[in-house]
Amino acid sequence: MDLKDWKRIAEREACRYRERKAFLRGAQEGGGPVETERVAEAARWTAAVEYADAHLSRQDAEKARFFRELYGIDRPSGRYRGKKSVDALSLKLHVAPCTLYRWRSEALTLVVLAAIQTGALRPYEIDAEEADCR
């Protein structure tokens, strides 16, 4: 896999953010038997998207707003799906579409990096024993 594949995965997971967040809330409130691996995976991806959002918010509020609107981080984004989404957001945010495509790429790179950090993505699958560089 390469960065393009990882960004595709990150985009899918960013779109599923609200669904995963609701799943985690239900798992916490339910108190019943929970598939711990599913909960752990949801928590890792949720954290990755939140880390990317927090980083964007600190760096550039307009990029963060675009990220939240495009992937429905704050509220459902039924209007902004597919190729027309960037054009619609371009008009709403008064930013050129080419700039928004660049911002989307930057945001997805941040999600990939955060996912690697949280363990949601393990691009090289290196075990602790293999990583020992003695």
Side-chain angles (χ1 to χ4, degrees):
M1 293 183 93
D2 61 0
L3 183 58
K4 187 176 181 180
D5 296 323
W6 296 335
K7 281 184 178 181
R8 208 172 291 127
I9 293 167
E11 184 163 37
R12 182 186 71 224
E13 295 300 330
C15 288
R16 295 179 67 195
Y17 172 79
R18 291 178 57 78
E19 175 187 328
R20 286 194 182 274
K21 193 77 171 172
F23 171 74
L24 287 172
R25 238 180 279 117
Q28 289 173 345
E29 293 170 0
V34 180
E35 297 177 42
T36 56
E37 185 53 39
R38 279 187 64 203
V39 171
E41 179 185 358
R44 288 189 294 263
W45 276 110
T46 300
V49 172
E50 289 172 352
Y51 291 154
D53 182 43
H55 180 79
L56 284 170
S57 295
R58 283 191 305 273
Q59 299 301 316
D60 188 335
E62 198 65 23
K63 283 183 187 179
R65 180 176 174 211
F66 167 70
F67 178 69
R68 285 189 212 106
E69 289 276 339
L70 184 63
Y71 295 113
I73 304 301
D74 293 336
R75 59 184 171 274
S77 64
R79 281 185 46 200
Y80 304 115
R81 293 281 184 223
K83 295 230 179 225
K84 293 181 181 180
S85 62
V86 172
D87 292 333
L89 283 171
S90 173
L91 293 173
K92 181 178 179 177
L93 301 175
H94 304 290
V95 178
C98 60
T99 301
L100 294 184
Y101 282 113
R102 185 172 37 84
W103 287 2
R104 182 180 71 180
S105 180
E106 290 173 16
L108 291 175
T109 299
L110 289 172
V111 174
V112 167
L113 292 172
I116 291 169
Q117 216 173 8
T118 63
L121 271 180
R122 295 199 48 184
Y124 305 113
E125 291 295 328
I126 298 173
D127 291 330
E129 295 169 5
E130 293 177 36
D132 191 13
C133 299
R134 288 186 216 182

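Note: hydrogens, waters and symmetry copies are ignored here, and every other heavy atom, side chains too, is used. In this chain, residues are counted from 1 in sequence order. Just so it is clear, the model here is predicted, and its values are computed rather than measured.
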Mind checking what makes side chain to side chain contact (heavy atoms under 4.5 Å, CB included) contact with [X], not counting sequence neighbours?
{"X": "T99", "value": "V95, A96, R102, W103"}
{"X": "A115", "value": "W45, A48, A120, L121"}
{"X": "E19", "value": "R16"}
{"X": "A43", "value": "L24"}

Problem set entry | Results of salt bridge (Lys or Arg N to Asp or Glu O under 4.0 Å) for D60 - residues two or more places apart only |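 With neighbours one apart ignored, the set is empty.
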
Problem set entry | salt bridge (Lys or Arg N to Asp or Glu O under 4.0 Å) against E50, all qualifying residues, sequence neighbours excluded |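 Checked E50 against salt bridge (Lys or Arg N to Asp or Glu O under 4.0 Å); matches are K21.
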
Contacts of type side chain to side chain donor-acceptor pair (under 3.5 Å), residue [X], not counting sequence neighbours:
{"X": "R44", "result": "E37"}
{"X": "T109", "result": "K7"}
{"X": "R38", "result": "none"}

Exercise. Is Y71 linked to Y51 within one hydrophobic cluster, defined over Ile, Leu, Val, Met, Phe, Trp and Tyr using a side-chain heavy-atom separation of less than 4.5 Å?
Worked result: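 Hydrophobic grouping puts Y71 apart from Y51.
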
For this session: Establish whether L91 and L70 are linked, either directly or via other cluster members, by ILVMFWY side-chain heavy-atom contacts under 4.5 Å.
Result: no

Problem set entry | pair I9-M1: side-chain heavy atoms closer than 4.5 Å | yes

Exercise. Is there side-chain contact between W6 and L113, with heavy atoms separated by less than 4.5 Å?
Worked result: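 W6 vs L113: side chains apart.
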
For this session: Looking only at non-hydrogen atoms, find the nearest pair between V86 and L100 and report the distance.
Result: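 Smallest heavy-atom distance, with atoms named: O-CD1, 3.5 Å.
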
Exercise. Pairs in or reaching into residues 108-120: which pass salt bridge (charged side-chain N to carboxylate O under 4.0 Å, His left out), with residues at least two apart or in two chains?
Worked result: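 Not a single pair qualifies under salt bridge (charged side-chain N to carboxylate O under 4.0 Å, His left out).
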
Exercise. Quick one: does D2's side chain have a donor or acceptor within less than 3.5 Å of a partner on D5's backbone?
Worked result: yes

Problem set entry | Step-by-step side-chain contact (heavy atoms from CB on, under 4.5 Å) determination, R65 to K92 | CA-CA 11 Å; R65 180 176 174 211; K92 181 178 179 177; 3.9 Å; yes

For this session: List in chain and number order the residues that pass ring pair (Phe, Tyr, Trp, His ring centres under 6.0 Å) with F66, two or more places apart in sequence or in another chain; answer none if no residue qualifies.
Result: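 With sequence neighbours excluded, F66 shows a ring pair (Phe, Tyr, Trp, His ring centres under 6.0 Å) to no residue whatsoever.
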
Exercise. So how far is it from D53 CG to R58 CZ, rounded to the nearest 0.5 Å?
Worked result: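 Answer rounded to 0.5 Å: 10.0 Å.
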
